[in-house]
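Every number for a ligand or one of its atoms is a count from 1 in the order of the listing.
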Amino acid sequence: MSPRIDPERIARRIEALSGFTEPGRPWTRTAFSPLYADARQWLQAEMRSLGLSTEIDAGGNLIGTLPGQRNELGALGLGSHIDTVPDGGRFDGIAGVIAALEVAQAIKDAGLHLQHPLAIFDFLAEEPNRFGLSCVGSRAIAGELSAEMLQVASPEGETLAEGIARMGGDPRELDRPLLSPAHMRAFMELHIEQGIRLESEQDDVGIVTGIVGISRAEITFSGRADHSGTTPMNRRQDALVAAAQFVAAVEERAGKSGEDGHVATVGKMQVFPNAANAVPGRVVLTLEVRALGMDTVNAFFAWVESMVAKLEAERGVRGSIVPLSSGAPVAMDESLRLRLAKAAADAGLAMQEMPSGGGHDTAFMARICPVGMIFIPCREGRSHCPEEWSSTDQIARGARTLLNAVLALDGEAGGSAAGRGEA
Ligand SMILES: [Zn+2]
C-alpha cells in the first residue's frame, strides 16, 4: 500500500488547534502562555497516538520521532511552529507542523519502515513574544542563544531561561548546539507564503531558493530648527525635506534592482521638533534592506553613503549612518531544492522558485544540516491577521510534496520506500 495524504485529517487537526485561542480574540496563542502549553500537550498526544516517541529538547522544542531502521543515517526532519502573533491566523507555522504530522501518519499507516528516523519539530516561540526574541527554539538548536539573550526578562520579570525551563527545556545546556550534522540528514519546512505570488500565478507550491538577509541602519539628518513663518524658503536647512528625498531615492533604487527578493524600506521616522510652525531640525529614520545576497546588501549601503553625502552637499544638512543589525541571507541546499521540485512535479503540481522575504526557523536549522523549504498559497497573501487562510487542499498538496521528498531521500539510502512516492 502506498502512503496517502488525507486532507480530511489535515482539516480536523487545523480545526482542533484553532480551538486553543484566547476567547474573543481569534487567533491568539502566543508562545509561553498557558494556552500555548495546552496546545502543545494536544500536539504531543497526537504524536504519541501515531506511535511517535516524543521529547522536549533543552531548547524547549517538541520533537516527535518515528524510528528508522538505520538511526546512524541521521533523521529526516520536518516541521514548523504552532505559536501565533496576537490576533494572528490559523495557518502560519501551524500548516507546516500539521503537514509534517500527516506525512508521518501516511508513512506509518502504509506500513513503511523508513531507513532514516523521521523527526517532526514544533519549534518553541518562532514569533516575537514577551521576551522580544523570535525563533527561540531553532536558535537554541543552532547554539545561538547567547547568555545575554537568556537573561532578557519579560515585563512580568521572568527571564528567557526561566521561560524555556517552564516549557520543559534545560537552559544549562544551551551554551552549545543541540544537534549536529550526524543527527540530521536534512530538514524541510512547509510554510504559507505570506505573499500573493503563488495565488496570483496559480501555482500550488513555491520552491524556496533562499531566505533573505535583513540589515537595518539608523540614519539621522540634522539641519536647523527655525520659525516656519519667518525663515525664507531659500535660507532653510530642513532635515525633513532631505529625509523625504532620501526615502524616495531608496524606493527608486530598490525598485530598479530587479533582483528577486531585494527590497528596501524606510518604515520608521521621527521628526524633531515635530511642530506645525517649525522647520524640522532633525529627522531620525530606520532603513531596512533585504536581499538574497550579502553583496547586494553591501552595495546598497555603499549607495546609501553616497546618497547621504549628496544630500548633505545639496541641502546644507548633516547626515549620519549607524548600523543596527545585519543578518546574513541563508541559501537553501541545492540538491534539496531539486528534490523538492521533483517531488512537486511527481505529484502533478504547478510550481515556481521563489525567495523567502520573511525569516523562518529553517534559517537556524541551516547551521546544522542541509535545509529546504516550500511555500503554499494563502488567500490574498494575508498573514498575521485573522483573515489568514489556506485551503485544506492547498495544505494537502504541500504535504504530498513533502511526503514524496521524504520517500525519495530515504530511497537514496536504499530504503524500501524507494520509488513508491504518491503521484
Ligand atoms: Zn511562521
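Residue-environment remark: CZ (R176) exceeds the threshold of 12 foreign heavy atoms within 6.0 Å.
H360 contributes no side-chain N or O that, together with a main-chain N or O of T362, makes up a donor-acceptor pair within less than 3.5 Å.
Counting only protein atoms, the N, O or S atoms lying less than 2.8 Å from the Zn ion (ligand 1) are H81 NE2, D92 OD1, H191 NE2, ordered by chain and residue number.
In terms of heavy-atom proximity, V308 sits nearest to I219 at CG2-CG2, 4.4 Å.
Classification of the H191-F375 ring pair by plane angle, with boundaries at 30° and 60°, yields perpendicular.
Between I141 and the choices L174, D361, L179, the side chain to side chain contact (heavy atoms under 4.5 Å, CB included) rule is met once, by L179.
Geometric assessment of R29 against the ring of Y36 yields a negative cation-pi assignment under the 6.0 Å and 45° thresholds.
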